[in-house]
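Encoded as structure tokens, the structure appears first; notes follow it.
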There are 2 protein chains.
Amino acid sequence: MEQSDLCPRLQKGMDLIGKRWIGLIIYQLLAGPQRFCAVQAALPISGRLLSERFKDLENEGIVTRVVYPEIPVRIEYSLTEKGRALEPVVREIQRWSQDWIQIEQAVVSSE
Amino acid sequence: MEQSDLCPRLQKGMDLIGKRWIGLIIYQLLAGPQRFCAVQAALPISGRLLSERFKDLENEGIVTRVVYPEIPVRIEYSLTEKGRALEPVVREIQRWSQDWIQIEQAVVSSE
DNA sequence: AACCTTCGTTACTATTAGTAACTAATTATA
DNA sequence: TATAATTAGTTACTAATAGTAACGAAGGTT
């Protein structure tokens with residue numbers, strides 16, 4: 001494993017979106033800032049991993065975390081400009097999925 | 001982990017491209033049909049995983065595997081129509097990476 | 001006091017990734 | 001004839017990541 005002239009930026013970008021849950025988390029946040037439990041409710045992801053992913057995304061400058069010291073504390077996650085710039089990527093994945101992925105229906109009986 | 005009304009197609013699509021190496025393998029094959037060792041030489045991926053990923057991609061109908069019984073056997077992997085349809089996704093990831101990812105340069109000294 | 005909510009963390013198991021050595025078929029080289 | 005080389009993998013093993021479940025802290029409510 002010692003190559004190559006592969007563009008290191010593309011490599012980093014692919015590593016980022018080629019990581020479980022990242023795409024769907026960004027898709028969720030494209031709908032607007034959301035709190036932890038809202039994202040968790042929208043996706044089949046556990047709290048442990050969501051917490052880990054939010055930290056990664058903060059470190060990458062894709063997501064910001066804002067604390068509102070309210071009744072029970074409210075913490076909102078939202079996309080930065082860098083994060084919103086991923087919208088075309090998500091849109092293209094969405095389009096491809098609609099065009100090329102079919103859902104297999106459970107068939108009860110053909111009688 | 002029991003939700004939601006998330007589109008199952010998008011979920012499947014995200015699962016697919018949100019898997020390590022998949023994006024870069026497709027990026028490589030967009031340059032044209034290639035043999036196993038060429039893809040391996042172009043990416044920092046081991047034979048074991050590349051073999052596994054090609055099998056997955058064949059099962060998904062994204063890649064086809066053609067055997068040419070030549071001098072040493074030649075086996076070429078290429079994208080199907082479904083695979084080529086991922087080009088816009090790859091292009092958008094490429095564009096985003098160019099725009100938003102910077103490479104940290106190693107600095108020897110500032111003297 | 002006992003319980004609820006939100007936003008996590010900790011501890012543990014299961015799955016996936018990475019590394020290295022090996023195989024089979026054929027061909028080239030010493 | 002043995003030795004090595006190439007292609008396309010596989011096998012065996014270790015390391016890293018994901019998934020599950022239970023717990024914790026900081027408040028508020030009953």
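Fair warning: this is a prediction, and the values are worked out from it, not measured in the lab. Values below: all heavy atoms of this structure, side chains included; hydrogens, waters and symmetry mates excluded.
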Distance test, side-chain N/O of [X] to OP1/OP2 of [N], below 4.0 Å:
| X | N | answer |
| --- | --- | --- |
| A:Lys55 | C:dC7 | no |
| B:Arg48 | D:dA8 | no |
| A:Arg74 | D:dA26 | no |
| B:Trp21 | C:dG18 | yes |
| B:Ser51 | D:dT10 | yes |
| B:Arg35 | D:dA8 | yes |

Determine the contact category for A:Tyr77: base if any of its heavy atoms lies under 4.0 Å from a base atom, sugar-phosphate if only primed atoms, P, OP1 or OP2 are that close, otherwise nothing.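 Sugar-phosphate only.
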Atom [atom1] of [X] and atom [atom2] of [N]: how far apart are they, to the nearest Å?
| X | N | atom1 | atom2 | answer |
| --- | --- | --- | --- | --- |
| A:Glu52 | C:dC7 | CD | P | 18 Å |
| A:Leu49 | D:dT20 | CG | C1' | 10 Å |
| A:Asp15 | D:dA16 | CG | P | 16 Å |
| A:Ile45 | C:dT9 | CD1 | P | 13 Å |
| A:Leu43 | D:dA18 | CG | C1' | 15 Å |
| A:Gln40 | D:dG19 | CD | P | 13 Å |
| A:Leu50 | C:dG8 | CG | C1' | 10 Å |
| A:Arg20 | C:dT15 | CZ | P | 13 Å |

Counting only heavy atoms not in B:Arg9, do more than 12 fall under 6.0 Å of its CZ? yes
Compare the minimum distances between each of C:dA17, C:dC7, D:dA18 and the side chain of B:Arg53, then state the nucleotide with the smallest one. C:dA17
What's the closest nucleotide to the side chain of B:Ile75 if the choices are D:dA18, D:dG9, C:dC7? D:dG9
Verify salt bridge (Lys or Arg N to Asp or Glu O under 4.0 Å) between B:Arg84 and B:Glu87, making sure each step is shown before the conclusion. CA-CA 6 Å; B:Arg84 282 191 303 276; B:Glu87 181 161 6; over 6 Å; no
With side chain to side chain contact (heavy atoms under 4.5 Å, CB included) as the test, pick out the partner of B:Met14 among A:Leu24, A:Leu43, A:Ile25.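 Only one of A:Leu24, A:Leu43, A:Ile25 forms a side chain to side chain contact (heavy atoms under 4.5 Å, CB included) with B:Met14, namely A:Leu24.
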How many angstroms lie between CZ in A:Arg53 and CD in A:Glu58, if you round to the nearest 0.5 Å? 14.5 Å
Any side-chain donor-acceptor pair under 3.5 Å between A:Arg91 and A:Gln94? yes
